[in-house]
Protein chains: 2
Amino acid sequence: MERCKSVSTIQRMIGGKWKIEILFYIALKDVRHFGQLRRCIGNISESTLSKQLRELVADGFLTRTDFGEVPPRVEYALTPQGESFVPILLALKQWGEKELGL
Amino acid sequence: MERCKSVSTIQRMIGGKWKIEILFYIALKDVRHFGQLRRCIGNISESTLSKQLRELVADGFLTRTDFGEVPPRVEYALTPQGESFVPILLALKQWGEKELGL
DNA sequence: CAGGATCCCGGTCGATACTG
DNA sequence: CAGTATCGACCGGGATCCTG
């Protein structure tokens, strides 16, 4: 039986409780800032958002640009790898709306 | 900001550590039996496999058919909802192979 | 063979407080 | 504003044993 390493790796990368939702807002809603994300996503804590963002950066989905200004300004954006994941995000969203009626 | 309920719901349904892999084997490799799945999937415990299968059944992805025979024979198969998810599984697999080189 | 029951551990996530 | 630090609760998942 052919094993499928890619599937389990993806599951690990996007399996976090909020990962898909974070990517969704950044990719499809043009949300770029920490505070925006926190307000968009229901009831995520700051520490959790921070950690999941760092993991998404580490896994190559996002870039993090710190402008070194006061007040602080940081922008998150998709990497090419992240961009290539957008069709799947759209498919998931549309699947949920159609199959689950959400 | 438009909230996106469908995304978080999907994350909850397929966020389990082995969910995507289980669906992958049933959908694309025609694996139907408990023991087969356990052997295909690396190092999943029986109790965990059992629980995740039950959740996939409860969430409408799978059907479970118990033939009531001795020795026991049970078959898992995709529901129509599960079938409709197959394109996303394929997309995930192909994305992983292409972007991650797996 | 297909799993249920039980126990337990580790990691994830959340709440709170604090910083540059 | 954009986080980090710390702590603790919770629960998903693993190990083991048992059953029809």
Side-chain angles (χ1 to χ4, degrees), chain A residues 1 7-26 29-59 61-78, chain B residues 1 7-26 29-59 61-78:
Chain A
M1 172 62 60
V7 170
S8 53
T9 302
I10 296 171
Q11 181 108 47
R12 186 187 49 71
M13 293 195 307
I14 64 169
K17 184 169 175 183
W18 308 95
K19 294 280 180 68
I20 294 177
E21 204 164 347
I22 291 170
L23 288 176
F24 171 79
Y25 282 111
I26 294 176
K29 297 292 178 180
D30 210 32
V31 175
R32 298 183 180 179
H33 302 289
F34 189 90
Q36 277 182 308
L37 284 166
R38 189 163 57 87
R39 280 188 297 277
C40 291
I41 302 173
N43 289 50
I44 189 172
S45 70
E46 293 180 357
S47 57
T48 301
L49 176 56
S50 172
K51 194 196 309 189
Q52 306 231 345
L53 282 170
R54 267 181 278 136
E55 290 174 5
L56 287 170
V57 170
D59 282 332
F61 285 91
L62 299 179
T63 58
R64 178 184 187 277
T65 306
D66 188 337
F67 288 86
E69 299 176 354
V70 177
R73 186 160 68 94
V74 174
E75 286 190 2
Y76 293 92
L78 294 178
Chain B
M1 173 62 58
V7 170
S8 55
T9 302
I10 295 171
Q11 181 110 45
R12 187 187 48 72
M13 293 195 308
I14 63 168
K17 184 169 175 180
W18 308 96
K19 294 278 180 70
I20 294 177
E21 205 163 346
I22 292 170
L23 289 175
F24 172 79
Y25 283 111
I26 294 176
K29 297 292 177 180
D30 210 32
V31 175
R32 297 183 183 180
H33 303 288
F34 189 90
Q36 277 182 307
L37 284 167
R38 189 161 58 85
R39 281 187 297 276
C40 292
I41 300 174
N43 290 48
I44 189 172
S45 68
E46 293 179 357
S47 58
T48 299
L49 176 56
S50 171
K51 194 195 304 187
Q52 306 233 341
L53 282 170
R54 266 182 279 136
E55 290 174 6
L56 287 170
V57 170
D59 282 330
F61 285 89
L62 299 178
T63 57
R64 179 185 186 277
T65 307
D66 188 337
F67 290 86
E69 300 175 353
V70 177
R73 187 160 66 95
V74 174
E75 285 191 2
Y76 293 92
L78 294 178

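Note on naming: letters A, B, ... go to the chains in the order of the sequence lines (proteins, then strands), and numbering restarts at 1 for each one.
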Hey, is the side chain of B:K51 poking within less than 4.0 Å of OP1 or OP2 on C:dG3, counting only N and O atoms? no
Using a heavy-atom cut-off of 4.0 Å across all strands, would you classify A:Q52 as base, sugar-phosphate, or nothing? sugar-phosphate
Could you tell me whether a side-chain N or O of B:T63 sits under 3.5 Å from a main-chain N or O of B:A77, the two making a donor and an acceptor? yes
Can you check the A:E75 CD to D:dC1 C1' distance for me, whole Å? 13 Å
A:Q52 side chain to A:L49 backbone, donor-acceptor under 3.5 Å: no
Of the candidate nucleotides C:dG20, D:dG3, C:dA2, which contains the atom at the shortest distance from the side chain of B:F34? C:dA2
According to a strict under-4.0 Å criterion, is B:S45 in side-chain N/O contact with OP1 or OP2 of D:dA15? no
Give the rounded distance in Å between these two atoms: CH2 of B:W18 and P of D:dG13. 10 Å
Roughly, in whole Å, what's the span from CG in B:L49 to C1' in C:dG4? 13 Å
Interatomic distance where CG belongs to A:D66 and P belongs to D:dC1 [whole Å]: 16 Å
Using a cut-off of less than 4.0 Å, is there contact between a side-chain N or O of A:K17 and OP1 or OP2 of D:dG12? no
B:R32 CZ to C:dC1 C1', in whole Å, measures 17 Å
Do the numbers put A:R32 on top of the ring of A:Y76, so that NZ or CZ is under 6.0 Å from the six-membered ring centre and no more than 45° off the axis? no
Could you check which of D:dG3, D:dG14, D:dC17 has an atom nearest any side-chain atom of B:E46? D:dC17
Check whether any side-chain N or O of A:D66 sits under 3.5 Å from a backbone N or O of A:G68 as a donor-acceptor pair, and report yes or no. yes
If only side-chain N and O atoms of A:R64 are considered, is one of them under 4.0 Å from the OP1 or OP2 phosphate oxygen of D:dA2? no
Looking at B:H33, does any N or O in its side chain come under 4.0 Å of the phosphate oxygens OP1/OP2 on C:dC1? no
So, A:S47 versus A:S50: side-chain donor-acceptor pair below 3.5 Å or not? no
For a quick check, tell me whether the side chain of A:S47 and the base of C:dA15 share a donor-acceptor pair closer than 3.5 Å. yes
For A:T48, which contact category applies under a 4.0 Å heavy-atom criterion: base, sugar-phosphate, or nothing? base
Between A:L53 (CG) and D:dC1 (P), how many Å, whole number? 16 Å
Nucleotide of D:dC1, C:dG14, D:dG3 approaching A:P71 most closely (side-chain heavy atoms): D:dC1
Between A:K19 and A:E21, is there a side-chain N and carboxylate O pair less than 4.0 Å apart? no
Can you tell me the distance, in whole Å, between the CD1 atom of A:I44 and the P atom of C:dA15? 11 Å
So, is B:R54 close to the C:dG4 phosphate, meaning a side-chain N or O under 4.0 Å from OP1 or OP2? yes
So what does B:Y76 hit on the nucleic acid, given a heavy-atom distance under 4.0 Å: a base, only sugar-phosphate, or nothing? sugar-phosphate
From the list D:dG3, C:dC13, D:dG14, which nucleotide is the closest neighbour of the side chain of A:S50? D:dG3
Value in whole Å for how far the C1' atom of D:dA2 lies from CZ of A:R38: 9 Å
